[in-house]
> 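So that we are looking at the same thing, I have put the structure below in structure tokens.
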Amino acid sequence: MNMFDESNSEDEDIQEALAVGKIKPGLIIEEQKKNFINNKAGLKDKIKEFSLDKFKWIERFDLANEPAPLVGFNDQENSQLENDDFNRELKFYRQAQATVLEGLAILRKLSIPTRRPDDYFAEMAKSDEHMKKVRAKLLEKKISMEKSEKAKKLREMRKYGKKVQKENMLKRQKEKKEMLDSVKKFRKGQIDRLDLFDETIERQPKNSEPAKGKQQFKPNKRREYKNKRFGFGGQKKRSKYNTADSAADMGDFSAKRAHGKGPGKRNIKHKGQGTRPGKSKRKNLKNRNK
Amino acid sequence: MAKRKQITDNSSSGLKPKKQKKDVILQPVVQSDAPVERQTKWKNKQRVLVFSSRGISFRTRHLMNDLRTMMPHSKAEPKMDRKDKLFIINEICEMKNCNKCLYFEGKKKQDVYLWASNVPKGPSAKFLVENIHTMSELKLTGNCLKGSRPLLSFDKAFNSEPHWMLLKELFVQIFGTPNHHPKSQPFIDHVFSFSIQDNRIWFRNYQILAEDGSLAEIGPRFVLNPIRIFASSFGGATLYQNPYYVSPNEFRRTLRQQKADKYNQRQEAKVSQELRRPEITYNMDPTDEVFNTITESDFKK
């Protein structure tokens, strides 16, 4: 009984701890977090003990500044800074800049010279030789940049030149084609004007009256004759009736040809394949065969 | 003795009337003929011992030498044996008459630690030095007088927390060249900037090119990752411990572990795939096939 009681109370403890959040479900025991020392009071005491606040600023020369405002840039957010070398460096630079602006103003007020005269010679932190190297490096970088820029430009120009060349060629081809086309059309008579090599050639009109497209095409002689003879267009009905005029017309009569004398008869003789004999003759022929 | 006092009196009395006049603007450039006013006595007597342990890389050595050139109030000392205990440094400083110390500690030929300490009484701080660029790099184009006093530029964040405040005070005393130090130059032409980013302190050194605030970087540049702050010099109670600090050994270990994990994970994936593959993909009824007649096409298959 006693034993049971004990285990029961233990369970209750665990349940309570779980409810509070000390324990989490599962078998994994969370590794206890290291306790990091941060003795703020001790730190403050230590600062008081060894600080040189009693000295004037001129002895200490320290300034705490926010980065100087940027001109012409958007202020970047801090989260971006951590992985961006350029912006991080810029932030440091601006902080130093703010300090310089503030510090120099104070020094000026205290009338302490800051800039050395141009003919003041003293040992520098970096030797002249080193500075020569630095300058050479800068120059080299500049030259290489210029070179690459030039090459880039040249490449671009070449590309552009090619494009222009191609365009020119296409244009010339098109012009040539157009010219040949127009010459062809002119020759065929579809157009009357031709601009050729800065000269304008115009078709001389054949007749005094302006030539129309329809009259350009004339039927051949045979057709013309037939048209004349049989008529072309217009009413064909009653056109062949004899009239007083037609009866009186003797234009076609020729004494030479009249009564089968002329060559006109010959024509008739030659017509057909052998002339058909008369009726009695045909009858006789039939009987003969019987 | 009396003479010296007079000089100091003169300077202080000379300042006072100028203070009363508002906005006295001196010409920024002084004639070189005029003797630069120099004081033989200086108040802020800081002497910094800058030295290292054995086994530092060439880059660290260059950085150390750069710091020595930038700080006219520094003193040098031969490299210390690694076997020696750190508190010996206190005695070395005492011998050298130094009250501040910058001690570079090289480990494993790749990691560099920096101790910055206020010598007899503390505090001291230990940093991991990362991303070292020395002054001899050609991309850093600035230059300044050797021994001119730097302006010390601090991030606003240095005033936010006690440990940052303490480090700021320590840096002011170590890196700031004392006014009227005999080896210093009387002009101000460069800035040391300390910025906090990513829980680290980023050190930069800029030349002041013009009064309008255009700068050029001189170098060196490095990043200090604080590890611990101790109450006394090179030891004592820990006042602060950086929770974000990951030791380089651990960092490298995780990198290696990640690489190793890749292989292990692949193997595990294979095994688990085998385990999860079902033996029977579909329950077939064997009686279904009873009436299937075998045709020629089945043979072809």
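Worth knowing before you read on, the calculation uses all heavy atoms, side chains too, and leaves out hydrogens, waters and symmetry mates.
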> Will you find, in the side chains of A/Y120 and B/Q185, an N or O donor that is under 3.5 Å from an N or O acceptor?
yes
> Looking at B/N159 and A/A64, what are the two nearest heavy atoms and their distance?
ND2-CB, 3.8 Å
> Measure the CD1-CZ distance between B/I188 and A/F61 for me, rounded to the nearest 0.5 Å.
4.0 Å
> With a 3.5 Å cut-off and no angle check, do the side chains of A/Q95 and B/S153 form a donor-acceptor pair?
yes
> Within this structure, what is the CH2-CZ distance for the pair B/W202 and A/F92, rounded to the nearest 0.5 Å?
5.5 Å
> For B/D66, is there an ion pair with A/K126 - N to carboxylate O distance below 4.0 angstrom?
no
> First locate atom NZ of B/K146, then atom CE of A/M124, and finally report the distance between them rounded to the nearest 0.5 Å.
12.0 Å
> Is chain A contacted by the side chain of B/F158, its backbone, both, or neither, given a heavy-atom distance below 4.5 Å?
neither
> Please determine, among A/I37, A/V100, A/T99, the option with the most heavy-atom pairs under 4.5 Å with chain B.
A/I37
> Taking all non-hydrogen atoms of both residues, which atom of B/N143 and which atom of A/A125 are closest, and how far apart?
OD1-N, 3.6 Å
> Does some side-chain heavy atom of B/Y240 sit less than 4.5 Å from a side-chain heavy atom of A/N39?
no
> Could you have a look at B/T69, B/D155, B/L170, B/I229 and say which one has the most heavy-atom pairs with chain A under 4.5 angstrom?
B/D155
> Sort A/F55 into side chain, backbone, both or neither according to what part of it lies under 4.5 angstrom from a heavy atom of chain B.
side chain
> Against chain B, label A/L52 side chain, backbone, both or neither, depending on which of its atoms sit under 4.5 Å from a heavy atom there.
both
> Heavy atoms, side chains only, cut-off 4.5 Å: are B/E211 and A/T114 in contact?
yes
> Could you pull out the closest heavy-atom pair between A/L43 and B/L166, with the gap in Å?
O-CD1, 3.8 Å
> Given heavy-atom pairs under 4.5 angstrom as the criterion, report whether the side chain, backbone, both or neither of A/K137 touches chain B.
side chain
> Got B/L138 and A/H130 here, is their nearest side-chain heavy-atom distance under 4.5 Å?
yes
> Counting only non-hydrogen atoms closer than 4.5 Å, does A/E49 touch chain B with its backbone (N, CA, C, O), its side chain (CB onward), both, or neither?
side chain
> Using a strict 4.0 Å threshold on nitrogen-to-oxygen distance, state whether A/D62 and B/K168 make a salt bridge.
yes
> Can you measure from CD1 (A/I112) to CZ (B/R149) and round to the nearest 0.5 angstrom?
8.0 Å
> Answer yes or no: is there a donor N or O on one side and an acceptor on the other, between the side chain of A/Q97 and the main chain of B/G213, under 3.5 Å?
yes
> Just verifying a value: how many Å separate B/D212 CG and A/L104 CG, rounded to the nearest 0.5 Å?
10.0 Å
> What's the spacing between B/H163 NE2 and A/K40 NZ if we round to 0.5 Å?
8.5 Å
> Checking salt bridge (charged side-chain N to carboxylate O under 4.0 Å, His left out) between B/E169 and each of A/K48, A/K44, A/K46, A/R60, which is the one that passes?
A/R60
> Can you tell me which of B/P123, B/A237, B/S148, B/A231 forms the most heavy-atom pairs within a distance under 4.5 Å of chain A?
B/P123
> Identify which part of B/N44 has an atom lying under 4.5 Å from any heavy atom of chain A, answering side chain, backbone, both or neither.
both
> For A/F50 versus B/Q173, what's the shortest heavy-atom pair and its separation?
O-NE2, 2.9 Å
> Restricting to non-hydrogen atoms, name the atom on B/L145 and the atom on A/A122 that form the minimum distance, rounded to 0.1 Å.
CD2-CB, 3.6 Å
> So which residue, B/G147, B/P178, B/G142, ends up with the most heavy-atom pairs under 4.5 Å with chain A?
B/G142
> Examine distances only and state if a side-chain atom of B/R204 and a backbone atom of A/E89 form a donor-acceptor pair shorter than 3.5 Å.
no
